[in-house]
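Sequential numbering from 1 along the given sequence is applied to the chain's residues.
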Amino acid sequence: MHIPGGLSLRLDVRAFTVVVALLLAALAASVLLIGTGDFPIPASDVLRTLAGQGDQGQEFVIRELRLPRALVGLLVGACLGLGGALFQSVARNPLGSPDVLGLSQGATAGALVVIVLFSGSATAVTLGALAGGLLTGLAIYLLAWKRGVHGYRLVLVGIGVNAVVTAVNGYLITKADFVDAARAVVWMTGSLNGRDWTQVWPLLALFVVLLPLVAGNARGLRMLEMGDDISHALGVRAERVRMLLMGSAVLLTAAATAAAGPVAFVALTAPQLARRLTRSPGPNLAAATCMGAALLVAADWASQRVLGADQLPVGVVTGVLGGAYLLWLLVTERRKGRI
């Protein structure tokens, strides 16, 4: 495709179609989610209310109670999908996701410290989770460093850090009193219950700030997948790009965990499903982002509908589905001789 001024743009029609389809699916699932609850609202009324033409009761239920939850779900899913795609591309390994590398557990540890040791407020728990995720990401990077950070070393170090932080989290739970322990367990399941506009705006701001940074280094990320030597030959400063993108992925994952708790396996599955749909090489960042948003909102809708009145936290649904996907991925990788 040629652009006035002598520039040209290569458009992958299949990948573009997949991104648009996933974006529409995420928005459609959000409309269904907003209409689901003790006070069911048809999708047509949801759309009419969002356009400013609903009655007073629907305006309150949708705009104050359900719309923030749906937006948090979209943003958390998008952050996890994009963060997972970045980690898997940097590690050049489909298992290189925040769930496996320990970032989610690190954010959980930060939240548990605030809950168990300080009985902190919801805002303090959010800040603790963000700090825990960032510190864990820094620890993984430093421990994996050896003239750069590469593939399996990053994954192996992440698995080790994950085991250590999981043990720390278990210890913190055993030291908590009954009230704090119950509060911690509820947070650790990963849920969108009770989310409001105070979670939407910080998450949206971070996503908007990091998205141009990631997009600006997308070409460098594609070069990194061919190896550092080829990247250097093509003028890409490999370690700088790797550090920027890993930092962005850590921030995205930590912020998502701080907003909704450790929602399992979205960061692992979204990039792989997106790649299989686009059938395109490379990180597929846009497709992974939209896939993550669609998966999380659809899982939250399913969590409210599958068992009727017994609503499940969204983290339980994604954990069950993602665990099955992980087993399938391990079997597939083993058959290909990669593990």
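Side-chain contact between Val161 and Val164: absent, with no pair of heavy atoms (C-beta onward) separated by less than 4.5 Å. Counting heavy atoms from C-beta on, the side chains of Leu213 and Asn217 come closer than 4.5 Å. Side-chain contact between Phe16 and Val20: present, with at least one pair of heavy atoms (C-beta onward) separated by less than 4.5 Å. With a 4.5 Å cut-off on side-chain heavy atoms, Val46 and Arg66 do not count as touching. Contact annotation: the side chain of Val168 never approaches that of Tyr171 to less than 4.5 Å [non-hydrogen atoms, C-beta and beyond].
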Audit row: Met291, Asn284, side-chain contact (heavy atoms from CB on, under 4.5 Å) steps and yes/no:
CA-CA 10 Å; Met291 175 64 80; Asn284 290 284; over 6 Å; no

How far apart are the C-alpha atoms of Phe87 and Leu103, what are their side-chain angles, what is the distance that settles it, and do they pass the side-chain contact (heavy atoms from CB on, under 4.5 Å) test?
CA-CA 11 Å; Phe87 269 116; Leu103 290 170; 3.0 Å; yes

For Asn162 and Val100: C-alpha separation, side-chain torsions, deciding distance, then whether side-chain contact (heavy atoms from CB on, under 4.5 Å) applies.
CA-CA 7 Å; Asn162 187 29; Val100 177; 5.8 Å; no

Can you list the steps and then say if Trp197 with Leu67 is a side-chain contact (heavy atoms from CB on, under 4.5 Å)?
CA-CA 9 Å; Trp197 291 105; Leu67 180 59; 3.9 Å; yes

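Note: the hydrophobic cluster containing Leu135 does not contain Leu172 (ILVMFWY, side chain heavy atoms under 4.5 Å, direct or indirect links). No continuous path of ILVMFWY side-chain contacts below 4.5 Å connects Val125 to Leu130, so the two sit in separate hydrophobic clusters. Residue Val209 is not grouped with residue Phe207 when hydrophobic side chains (ILVMFWY) are merged at heavy-atom distances under 4.5 angstrom, including chains of intermediate members. Residues Leu192 and Trp201 share a single hydrophobic cluster, defined by chaining ILVMFWY side chains whose heavy atoms lie under 4.5 Å apart. The hydrophobic cluster containing Leu143 also contains Ile140, counting ILVMFWY residues as joined when their side-chain heavy atoms lie under 4.5 angstrom apart, directly or transitively.
Between the side chain of Arg63 and the main chain of Thr49, a donor-acceptor pair closer than 3.5 Å is present. In this structure, Glu64 contributes its side chain and Val61 its backbone to no donor-acceptor pair below 3.5 Å.
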For residues 69-86, which side-chain donor-acceptor pairs fall under 3.5 Å, sequence neighbours excluded?
residue	atom	partner	partner atom	Å
Arg69	NE	Asp300	OD2	2.9
Arg69	NH1	Asn193	OD1	2.8
Arg69	NH2	Asn193	OD1	3.1
Arg69	NH2	Asp300	OD1	2.8
Arg69	NH2	Asp300	OD2	3.3

Would you mind writing out the side-chain donor-acceptor pairs for residues 27-40 within the sub-3.5 Å range, not counting sequence neighbours?
residue	atom	partner	partner atom	Å
Ser30	OG	Ala26	O	2.8
Thr36	OG1	Leu32	O	2.7
Thr36	OG1	Trp301	NE1	3.3

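Considering CG of Leu134 and OG1 of Thr253, their distance stands at 10.0 Å, rounded to 0.5 Å. Thr257 contributes atom OG1, which lies 6.5 Å from atom CH2 of Trp187 (distance to the nearest 0.5 angstrom). Rounded to the nearest 0.5 Å, atoms CD1 (Ile41) and CD (Gln58) are 5.0 Å apart. In this structure, CZ on Arg183 lies 14.0 Å from CE on Met188, to the nearest 0.5 angstrom. Separation of atoms OG1 (Thr289) and CG (Leu211) is listed at 7.0 Å; rounding is to 0.5 Å. Note that the CG atom of Leu273 and the OG1 atom of Thr278 stand 11.0 Å from one another [nearest 0.5 Å].
Between the side chains of Asn169 and Thr108, not a single donor N or O lies within less than 3.5 Å of an accepting N or O.
Of all non-hydrogen atoms in Leu22 and Ala287, the two that sit nearest each other are CD1-O, 3.6 Å. Across all non-hydrogen atoms, the minimal contact from Phe118 to Val113 is CD1-O, 3.5 Å. The two residues Val263 and Val314 come nearest to each other via the heavy atoms CG2-CG1, 4.4 Å. Listed here is the closest heavy atom pair of Thr318 and Ala264: OG1-O, 3.0 Å. Summarising the geometry of Gln88 relative to Pro271, their closest heavy-atom pair is OE1-CB, 3.6 Å, with the distance given to 0.1 Å. The shortest heavy-atom contact between Ile115 and Ala184 is CD1-CA, 4.1 Å.
Residue Arg14 places its CZ atom among more than 12 non-hydrogen atoms of other residues, nucleotides or ligands, all under 6.0 Å distant.
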